[in-house]
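Encoded as structure tokens, the structure appears first; notes follow it.
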There are 2 protein chains.
Amino acid sequence: MQDDPRKTPEVFVAAVIFQLIDNELTVLLTQRQRDPFNGLWALPGGLVPLKETLLQATTRILHEKTAVKLNQLGVVEQLYTFDTFAGNPNGPTVSVMHLGLGKDIVPKATPLSRHSQFYLLKDVPELAFDHSTKIDFALQRLRSKLSYTNAIFALLPTLFTMSQLQTAYEAVLGKKLDKRNFRKKFISLGLIQQTSEYHMSGAHRPARLYKFNSQTLEYLTRSFD
Amino acid sequence: MQDDPRKTPEVFVAAVIFQLIDNELTVLLTQRQRDPFNGLWALPGGLVPLKETLLQATTRILHEKTAVKLNQLGVVEQLYTFDTFAGNPNGPTVSVMHLGLGKDIVPKATPLSRHSQFYLLKDVPELAFDHSTKIDFALQRLRSKLSYTNAIFALLPTLFTMSQLQTAYEAVLGKKLDKRNFRKKFISLGLIQQTSEYHMSGAHRPARLYKFNSQTLEYLTRSFD
DNA sequence: ACAAAAGTGTTAAGAATACACCCATGT
DNA sequence: ACATGGGTGTATTCTTAACACTTTTGT
């Protein structure tokens with residue numbers, strides 16, 4: 001570490017991956033297997049080698065540490081580039097973070113990580129570096145993203161009920177919404193369409209299933225919320 | 001360049017600095033003094049050394065190349081981190097770009113640049129790398145920023161008329177706005193206040209001067225445009 | 001008196017909010 | 001028959017959009 005041949009800071013990537021589990025927002029964490037912070041939980045990330053782009057490195061490292069494939073996510077976007085991890089003894093670093101949204105993701109332990117799993121936001125344990133701050137930052141971004149894009153599609157199944165949609169919004173925004181107004185407004189945005197199918201679940205009226213017109217990120221003209 | 005001791009891509013910074021000149025939006029460019037693209041115009045930027053943060057490096061390099069001080073700008077924010085400059089023969093690089101807004105900025109030639117000057121957006125010459133794309137990207141960001149913050153303050157003098165304010169919006173958004181609706185709406189946002197002063201200029205009624213309540217970035221609850 | 005930009009108000013359409021009851025099903 | 005979540009409409013307020021004439025000054 002002395003006699004460092006580098007001329008420029010080391011470049012890291014990391015990712016904040018969200019998904020819904022039981023209508024609650026969760027974030028993907030992995031348990032570190034090396035110092036610094038050996039044994040602590042952290043966002044999946046690592047050093048970018050010379051021959052990869054940022055997105056390639058993020059994809060590879062995410063897979064190596066959590067067995068999650070970046071391209072199975074519905075939305076991936078660059079979040080922010082942070083300076084020096086607090087507490088990193090190896091001098092300055094630059095960390096390019098991405099934000100990802102997905103569903104039905106099952107992380108696994110890998111040779112490079114002890115465990116990987118999604119944690120409810122409210123149950124996130126003590127994290128390495130200042131990754132808690134980064135998760136908050138990502139959540140803020142996600143919240144604003146929901147207001148001017150259809151990004152919520154990435155968190156929902158292909159067919160979903162209005163209640164699921166509303167609950168997803170509530171989970172991300174962290175507040176309750178009015179059922180009638182929500183439906184009226186969301187339908188008027190023209191992002192979704194009815195299907196002829198129904199979801200039967202339990203002792204109550206079956207719920208109509210809807211689907212998004214587009215499974216890629218679209219920008220709204222009128223903003224939501 | 002062969003036998004490269006680096007393990008991770010080189011980190012560059014660059015900045016897209018906008019200001020208004022004669023009610024038109026302009027961008028700060030500098031003429032390159034080295035290969036690649038020796039002699040072509042480009043956004044001011046350079047390599048980040050080991051001992052500086054991204055913002056420190058941006059500040060220093062901007063000053064070295066254009067004599068502009070980053071901290072004399074009203075708004076500075078990270079724009080995006082781009083992979084590899086197209087055409088850079090030195091292998092992969094990462095370029096962290098910032099967006100800056102200012103007024104009354106006078107760039108100068110320096111030992112590290114032939115010239116530096118603000119160009120009207122429509123007169124931007126052929127640029128090194130793909131810096132044209134980056135300017136477009138920055139302009140998009142600026143446009144959306146105007147809709148949910150008071151960022152326009154950074155482009156205007158401390159005291160300004162409603163016409164100046166509206167013209168500034170029009171210059172950035174690239175479209176005409178209705179005078180009465182603009183004033184009504186902007187005043188209702190509560191960002192500015194009247195002063196008791198007037199701006200006299202030419203053969204017409206003097207214009208009342210206004211000022212911003214805050215000279216730092218504020219986020220609106222209601223969005224503009 | 002004229003030219004030039006500053007300043008001002010109303011109406012109509014659309015969007016947001018608040019709010020309570022009936023419906024279809026399983027047990 | 002009851003418990004459960006699904007589904008629906010109206011009235012009020014606020015916001016947006018369209019639109020034209022008078023005011024004040026300098027020459």
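Keep in mind it's a predicted model, so treat the numbers as computed, not measured. Here is the naming used below: chain letters follow the sequence lines, and residue numbers restart at 1 for every chain.
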The contact string for nucleotides 12-19 of chain D, one letter per nucleotide 5' to 3', using protein heavy atoms under 4.0 Å with B, S and - for base, sugar-phosphate only and none, comes out as ---SSBBB

For the aromatic rings, using the six-membered ring if either is Trp, is the centroid distance between F12(B) and F82(B) under 6.0 Å? no

Between F212(B) and F160(B), does the ring centroid distance fall short of 6.0 Å? yes

Separation of [X] atom [atom1] from [N] atom [atom2], in whole Å?
X       : N       : atom1 : atom2 : answer
F160(A) : dG6(D)  : CZ    : P     : 14 Å
H199(B) : dT25(D) : NE2   : C1'   : 13 Å
Q166(A) : dG6(D)  : CD    : C1'   : 11 Å
K176(A) : dT17(C) : NZ    : P     : 18 Å
Q194(A) : dG6(D)  : CD    : C1'   : 13 Å
F224(A) : dA15(C) : CZ    : P     : 14 Å
H204(B) : dA4(C)  : NE2   : C1'   : 6 Å
F182(A) : dG9(D)  : CZ    : C1'   : 18 Å

Is the count of non-hydrogen atoms from other residues, nucleotides or ligands lying under 6.0 Å from D22(A) atom CG greater than 12? no

The single option from K179(A), K185(A), R183(A), K184(A) that satisfies side-chain hydrogen bond (donor to acceptor under 3.5 Å, both in side chains) with N181(A) is K184(A)

Spacing of CG belonging to D178(B) relative to CZ belonging to R180(B), to within rounding of 0.5 Å: 6.0 Å

Would you say S163(B) reaches dA5(C)'s phosphate, i.e. side-chain N/O to OP1/OP2 under 4.0 Å? no

Do any side-chain nitrogens or oxygens of R183(A) fall under 4.0 Å of OP1 or OP2 in dG7(D)? yes

May I ask you to check whether S147(A) and S144(A) show a side-chain donor-acceptor distance below 3.5 Å? no

Starting at the 5' end of DNA chain C, which residue's closest nucleotide do you reach first, R205(A) or T161(B)? T161(B)

Under the criterion side chain to side chain contact (heavy atoms under 4.5 Å, CB included), I'd like the reasoning laid out for H131(B) against V124(B): C-alpha separation, chi angles, the key distance, then a yes or no. CA-CA 10 Å; H131(B) 282 182; V124(B) 166; over 6 Å; no

